[in-house]
Protein chains: 2
Amino acid sequence: MMQLSGVSALERTSFADIPCSLARSLEAIGDWWSPLILRDLFLGVRRFGELVEDLGISRNLLTRRLVALEEAGIVRREPYETRPPRYEYALTEAGLELVPILVALTAWGDRWKAPRKGAPIEFVHTDCGHRLRPRIVCADCSGEISHDNLRPMPGPGARAARGTKVIARKLAGTAGL
Amino acid sequence: MMQLSGVSALERTSFADIPCSLARSLEAIGDWWSPLILRDLFLGVRRFGELVEDLGISRNLLTRRLVALEEAGIVRREPYETRPPRYEYALTEAGLELVPILVALTAWGDRWKAPRKGAPIEFVHTDCGHRLRPRIVCADCSGEISHDNLRPMPGPGARAARGTKVIARKLAGTAGL
DNA sequence: GCCTATGGTTCAATGATTGAACTTAGTTTA
DNA sequence: TAAACTAAGTTCAATCATTGAACCATAGGC
């Protein structure tokens with residue numbers, strides 16, 4: 001049985017020590033290829049060779065990304081055939097919860113980076129049958145969220161470290177707004 | 001007056017030729033640092049030196065990212081002082097529309113990559129006063145969007161190219177679902 | 001004149017990405 | 001039973017990007 005070698009998925013500067021959940025999310029999927037890999041897994045492209053063919057990603061890099069995504073709990077490796085032992089990749093629950101975010105980013109691209117010919121892929125919301133136009137709203141009041149109805153505040157885990165040093169100062173100044 | 005040099009913000013493999021709006025979004029902000037730069041700009045960290053201090057990013061790399069983000073129409077460079085000519089950076093409308101998406105990604109990190117101590121930064125939805133829990137919903141029916149009520153379909157710009165070669169085949173097979 | 005502040009640029013060293021060739025294991029075809 | 005085929009990786013050299021430190025330029029204050 002073939003084993004993934006112990007490549008340690010080294011990244012450039014790590015964001016792991018930045019006390020910010022965005023930094024931690026990016027630590028997991030913030031690299032150049034991971035979001036497209038997740039898109040493909042969601043769209044049904046699940047085998048190593050299919051991912052290489054679809055994305056044109058280098059095989060060794062795909063191996064490293066898949067290992068990293070698996071270690072991050074976003075992707076699961078499962079056998080689809082035992083006699084010639086073969087594996088394919090699937091999204092875990094954490095990975096599936098990234099799908100709406102990727103879809104929202106796709107909609108942003110439709111709006112601001114659209115090609116002349118129109119969107120290449122569209123989504124239908126099967127609950128209502130409409131072509132999907134995602135909105136990001138508040139779970140409490142259902143109002144749309146935008147840059148100007150959002151106030152950042154230091155949370156329980158706040159501290160002044162790399163990635164929040166200057167922010168901590170700024171938030172301290174506006175916390176009582 | 002000091003000018004930004006014409007660095008051409010070369011990236012690794014470009015996603016520009018992939019017919020997918022997600023790929024085009026990632027072409028603009030899919031690198032390692034851009035999302036954190038956008039977060040800082042949103043949170044009020046707007047000067048070159050502040051960004052360097054807050055993020056610990058290399059100065060030359062920050063220059064390149066800011067140039068690329070400006071060229072992508074996500075960031076605007078504006079003078080805040082003329083006599084010693086000094087500039088700061090602000091989000092454009094396109095950049096501001098990324099904020100809810102970054103917030104959603106932050107919430108994902110809170111849920112799946114939370115530190116022991118709790119979230120370092122929280123957001124309050126000022127329209128209702130609650131601590132923000134973002135939801136991604138359908139604009140038509142207001143129902144929540146998830147991986148299992150979404151059906152991908154070939155759009156008007158669909159074609160089989162790098163990044164959609166295999167997907168195009170798969171979608172052709174399920175288009176009539 | 002010299003020091004400081006701010007916003008960059010330059011450059012050498014290091015680390016990541018690319019692309020092609022190779023390996024492994026089992027299965028089918030001749 | 002050997003040769004060819006398939007799928008999933010591994011290995012490696014060349015290239016490209018990132019890092020970190022030192023430098024430069026402009027202007028103001030002392």
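Convention: sequence-line order gives letters A, B, ...; per-chain numbering from 1.
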When you check the phosphate oxygens OP1 and OP2 of [N], does a side-chain N or O of [X] lie under 4.0 Å from one of them?
| X | N | value |
| --- | --- | --- |
| A:R64 | D:dT10 | no |
| B:T13 | C:dT18 | yes |
| B:W32 | C:dT17 | no |
| A:Y89 | D:dG9 | yes |
| A:Y87 | C:dA25 | no |

Rounding to an integer number of Å, can you tell me how far [X] [atom1] sits from [N] [atom2]?
| X | N | atom1 | atom2 | value |
| --- | --- | --- | --- | --- |
| B:L62 | C:dG8 | CG | P | 8 Å |
| B:Y80 | C:dT6 | OH | C1' | 6 Å |
| B:D31 | D:dT19 | CG | C1' | 15 Å |
| A:E81 | C:dT27 | CD | P | 8 Å |
| A:I57 | C:dG19 | CD1 | P | 11 Å |
| A:L61 | D:dA17 | CG | C1' | 13 Å |
| A:L55 | C:dT18 | CG | C1' | 15 Å |
| A:E53 | C:dG19 | CD | P | 16 Å |

Report the nucleotide, chosen from [options], that has the shortest atom-to-atom distance to any side-chain atom of [X].
| X | options | result |
| --- | --- | --- |
| A:T63 | D:dT10, C:dG8, D:dA17 | D:dT10 |
| A:R59 | C:dA21, D:dT18, D:dA27 | C:dA21 |
| A:W33 | C:dT17, C:dT6, D:dA8 | C:dT17 |
| B:F48 | D:dA8, C:dG7, C:dT17 | C:dG7 |
| B:R12 | D:dG9, D:dT18, D:dT19 | D:dT18 |
| A:R86 | C:dT6, D:dT19, C:dA25 | C:dA25 |

>> Quick check: on DNA chain D, is the nucleotide nearest A:E50 upstream (toward 5') of the one nearest B:G56, or the reverse? Name the residue that is more 5'.
In response: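 Result: A:E50.
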
> Which sits closer to the 5' end of DNA chain D, A:N60 or B:P84, going by the nucleotide each is nearest to?
Replying inline: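 In this pair, the answer is A:N60.
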
Scan side-chain atoms only and decide if [X] and [Y] contain a donor-acceptor pair under the 3.5 Å cut-off.
| X | Y | value |
| --- | --- | --- |
| B:E97 | A:W108 | no |
| B:N60 | B:T63 | no |
| B:D140 | A:H125 | no |

>> When you measure from the side chain of B:T164 to the backbone of B:I18, do you find a donor-acceptor pair of N or O atoms at a distance under 3.5 Å?
In response: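 Side chain of B:T164 to backbone of B:I18: no pair is present.
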
> Given A:R39, which of A:L55, A:L105, A:V103, A:L98 fulfils the side chain to side chain contact (heavy atoms under 4.5 Å, CB included) condition?
Replying inline: A:L55

> Going from CZ on B:R111 to OG on A:S21, what distance comes out if it is rounded to the nearest 0.5 angstrom?
Replying inline: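 Between B:R111 CZ and A:S21 OG, I get 13.0 Å after rounding to 0.5 Å.
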
>> Need to verify one output field. Residue with the more 5' nearest nucleotide on DNA chain C, B:G49 or A:R83?
In response: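 By nearest-heavy-atom nucleotide position, the 5'-most residue is B:G49.
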
